[in-house]
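Working notes, beginning with the structure itself.
In what follows, residues are counted from 1 in the order of the sequence shown. Every heavy atom of this structure was used, including side-chain atoms; hydrogens, water molecules and symmetry mates were not.
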Amino acid sequence: MPGRTWTVRLTGHPDHTVSVTCSTSACRMPPRTKDAASMRRVAAEHIKAHGRLAGARPNAACSCGSAHCALHEARVHCSGNSLLVLLHDPAVGQVWTLAEVCQTCARNIPHITILATAKPAVPTPAAPSLAQPAPRTAVPGGFSSPEAAPEPSPGRRRPHRPNRPRG
């Protein structure tokens, strides 16, 4: 299952207003405003809400690995449990990214906060072995199994037919 990523961005405009956008098209964002501090809080709370709703999935692949480790400099081999992390560089302060990454990549990504750790997937019990079917018991009357034999009717006999000459 591919790892998920959400990005919330605070964008400044020439008229000195700011807006917040989310990579999820279904999200409704407030209109532009000149109050950058309140919009920064809106962006931070919005990405945290995605984190609360999403949770970490144990079977998710590392989104960083599928993006060719674009979130960090060193190339690593993805391994470990899936984590839900928040990436936010306070020096830039305009982009918040929420991503499902593996433990190895998380160690190499600067400015992250781990929001959730996926529990390792519970191993599924092994499929029952296909044992050889028990040999069928012979049943009087030529039937191969007791299930196929007709129910006997107690006290009922076949009607007598007189012998006919063959001709």
Membership question, hydrophobic clusters at under 4.5 Å side-chain separation (ILVMFWY): are [Y] and [X] in the same one?
X: Val20; Y: Leu86; result: yes
X: Val18; Y: Ile47; result: yes
X: Leu83; Y: Ile109; result: yes
X: Leu115; Y: Val8; result: yes

With no hydrogens and no angle check, is any side-chain donor or acceptor of [X] less than 3.5 Å from a backbone partner on [Y]?
X: Glu100; Y: Ala60; value: no
X: His88; Y: Thr97; value: no
X: Ser63; Y: Gly3; value: no

Euclidean distance, [Y] [atom2] relative to [X] [atom1], rounded to 0.5 Å:
X: Arg52; Y: Leu98; atom1: CZ; atom2: CG; value: 11.0 Å
X: Leu84; Y: Thr117; atom1: CG; atom2: OG1; value: 9.0 Å
X: Ile112; Y: Arg107; atom1: CD1; atom2: CZ; value: 10.5 Å
X: Met39; Y: Thr33; atom1: CE; atom2: OG1; value: 6.5 Å
X: His111; Y: Asp89; atom1: NE2; atom2: CG; value: 3.5 Å

If every non-hydrogen atom of [X] is compared with every non-hydrogen atom of [Y], which pair is closest and at what distance?
X: Ser23; Y: Thr5; answer: OG-O, 4.2 Å
X: Val42; Y: Pro30; answer: CG1-CG, 3.9 Å
X: Cys22; Y: Met29; answer: CB-CE, 4.0 Å
X: Thr104; Y: Ser79; answer: OG1-OG, 2.7 Å
X: Cys105; Y: Cys62; answer: SG-SG, 3.7 Å
X: Gln103; Y: Gly80; answer: OE1-CA, 3.4 Å

| message | Tell me which pairs pass salt bridge (charged side-chain N to carboxylate O under 4.0 Å, His left out) where either residue lies in residues 14-39, with sequence neighbours left out. | response |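 Matches after skipping sequence neighbours: Asp15-Arg32.
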| field | Test side chain to side chain contact (heavy atoms under 4.5 Å, CB included) applied to Ala61 - qualifying residues, sequence neighbours left out | value |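 In terms of side chain to side chain contact (heavy atoms under 4.5 Å, CB included), with neighbours along the sequence ignored, Ala61 is linked to no residue.
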| request: Let me see the working for Glu45 and Trp96 under side-chain contact (heavy atoms from CB on, under 4.5 Å), right down to the final yes or no. | output: CA-CA 10 Å; Glu45 287 303 315; Trp96 292 260; over 6 Å; no
| query | Can you check side-chain contact (heavy atoms from CB on, under 4.5 Å) on Val85 and Thr113, steps first, answer last? | reply | CA-CA 6 Å; Val85 298; Thr113 303; over 6 Å; no
| query | For His16, does the NE2 atom sit with more than 12 other heavy atoms under 6.0 Å from it, leaving out its own atoms? | reply |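 Count not over threshold, so no.
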| request: Answer yes if the side chains of Thr11 and Ser19 hold a donor-acceptor pair under 3.5 Å, and no otherwise. | output: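 Their side chains do not contain a donor-acceptor pair, so the 3.5 Å distance test is not met.
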| query | Who pairs with His50 by ring pair (Phe, Tyr, Trp, His ring centres under 6.0 Å), at least two apart in sequence or on another chain? | reply |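 In terms of ring pair (Phe, Tyr, Trp, His ring centres under 6.0 Å), with neighbours along the sequence ignored, His50 is linked to Trp6, His46.
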